[in-house]
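Structure first, commentary second.
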Amino acid sequence: MARFTTKQVQDALTLVYVAHPAADAAELSEQVVAALMRMVPGEFVGYNERELVSHKLLSVAEAPSVGRSRDVAGAVTTFCSEYPLSMERHHVDVRALRISDFASPRQLHRLDYYDQALRPLGVEHQIRFWVTAPSGIARFYSISRRTESGDFRDRDRDMLQLLRPFLVALHERFDADVPESAQVDGLTNRETEILGWVARGKTNQEIAALLIVSPHTVRKHLEHVYQKLRVNSRTAAVARAFAPLN
């Protein structure tokens, strides 16, 4: 893992801080795209949510906004499978990946995807990373550069990989079907919220990322829950508070 500058760490914290209050998934992706543009510079920064089988575009955010022709948009769908960073191959990957991790410039230039989807925009370098999504859907952020900007460095990749778990947690807020209230009196709103995430199988660290608190804080809240519910485990607490889930 690369060592980051103070500014890079501050930018990463700012991204999480700015994106966390987003009211919905669309606002979240727009906030993240804008922040990524400042953190890892590129000519184009984007977010895509697509169906894995049909490649149908479900949601998009980009900076700057690019008016792609129908031919370019169609090429993205038609030739997606041959692209080195294809969502079909990498949608469950936890790494940030560069074109150059898989193909040389010469190999890239032989592809129809390059000729009809990247070359019209002048894109020679790209890095992508995926966030979790419901079954049958792929979600990814991408940063693209022209030749003169040069390829992405290891530090760029490591920064995106560092951010990924937080962005996964933020996206999952809008997918989650979390119980709104416990069936016993005495739990605070925060304790109920944390126990709801426990019911969905989240670890303390994952819950901490979702709520932007420390794992220690999550652990202390759960200790209070156990005391109030007179139980000794996560499983017992969920069974007591959210009986309909079992």
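Below, all heavy atoms of this structure are taken into account, side chains as well, without hydrogens, waters or symmetry copies. If you're wondering where the values come from, they're calculated on a predicted model, not measured in any experiment.
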Going from [atom1] on [X] to [atom2] on [Y], what distance comes out if it is rounded to the nearest 0.5 angstrom?
| X | Y | atom1 | atom2 | answer |
| --- | --- | --- | --- | --- |
| S100 | R157 | OG | CZ | 10.0 Å |
| I99 | L111 | CD1 | CG | 9.5 Å |
| H91 | D93 | NE2 | CG | 10.0 Å |
| T5 | Q10 | OG1 | CD | 8.0 Å |
| H125 | R145 | NE2 | CZ | 8.5 Å |
| T147 | E124 | OG1 | CD | 4.0 Å |

[X] and [Y]: same hydrophobic cluster, using ILVMFWY side-chain contacts below 4.5 Å?
| X | Y | answer |
| --- | --- | --- |
| L52 | V94 | no |
| V231 | V238 | yes |
| Y17 | L15 | no |
| V16 | V168 | yes |
| V32 | F174 | yes |

Pair [X]-[Y], side-chain donor/acceptor within less than 3.5 Å:
| X | Y | value |
| --- | --- | --- |
| S144 | E43 | no |
| N48 | R128 | no |
| R219 | H216 | yes |
| H20 | Q31 | no |

Open item on the list: Any carboxylate oxygen within less than 4.0 angstrom of a Lys/Arg side-chain nitrogen, looking at D158 and R155?
Closed with: no
TODO: In plain terms, say whether D154 and R98 are close enough for a salt bridge, that is, a side-chain N and a carboxylate O under 4.0 Å apart.
DONE: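 Looking at R98 together with D154, the answer is yes, because their closest N to O distance falls below 4.0 Å.
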Does any part of the side chain of [Y], heavy atoms only, come nearer than 4.5 Å to the side chain of [X], both counted from C-beta?
| X | Y | value |
| --- | --- | --- |
| V33 | M37 | no |
| M39 | I143 | no |
| F102 | L108 | no |
| L36 | L163 | yes |
| H55 | M87 | yes |
| L97 | P84 | no |
| N204 | R234 | yes |
| R153 | V40 | no |

Which atom pair, heavy atoms only, marks the closest approach of [X] to [Y]?
| X | Y | result |
| --- | --- | --- |
| R164 | V131 | NH2-CA, 4.4 Å |
| T77 | S54 | CG2-O, 3.8 Å |
| W197 | E172 | CH2-O, 4.2 Å |
| A96 | L160 | CB-CB, 4.0 Å |
| G186 | E191 | O-OE1, 4.1 Å |
| D112 | E82 | N-OE2, 2.7 Å |

Task: Side-chain (R240) to main-chain (Y226) donor-acceptor, under 3.5 angstrom - done: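 A pair under 3.5 Å: no.
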Task: Partner set under side chain to side chain contact (heavy atoms under 4.5 Å, CB included) for V76, not counting sequence neighbours - done: R50, Y113, A117
Open item on the list: Using side-chain contact (heavy atoms from CB on, under 4.5 Å), reason through H171 and T132 one step at a time and then give a plain yes or no.
Closed with: CA-CA 8 Å; H171 275 278; T132 55; 5.8 Å; no
Open item on the list: Once you measure the plane-to-plane angle for F129 and Y141, does it fall in the parallel (<30°), tilted (30-60°) or perpendicular (>60°) bin?
Closed with: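 Because their plane-to-plane angle is under 30°, the rings of F129 and Y141 count as parallel.
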Task: Summary of ring-ring contact (aromatic ring centres under 6.0 Å, His included) pairs that have at least one residue in residues 144-167, sequence neighbours excluded - done: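 Every candidate ring-ring contact (aromatic ring centres under 6.0 Å, His included) pair involving residues 144-167 fails, so no pair, neighbours aside, qualifies.
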TODO: Under the side-chain contact (heavy atoms from CB on, under 4.5 Å) rule, what do F79 and D115 come out as? Steps first, then yes or no, please.
DONE: CA-CA 10 Å; F79 301 112; D115 188 55; over 6 Å; no
TODO: In sequence, state the C-alpha distance, the side-chain angles, and the governing distance for V198 and V225, and then conclude on side-chain contact (heavy atoms from CB on, under 4.5 Å).
DONE: CA-CA 12 Å; V198 171; V225 169; over 6 Å; no
- [ ] Test R139 against Y47 for side-chain contact (heavy atoms from CB on, under 4.5 Å), laying out the working first.
- [x] CA-CA 7 Å; R139 292 172 176 157; Y47 166 80; 3.4 Å; yes
Open item on the list: Quick check on N232: does its CG atom have over 12 non-hydrogen neighbours (other residues, nucleotides or ligands) under 6.0 Å away?
Closed with: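 Atom CG in N232 is not packed in, count stays at 12 or less.
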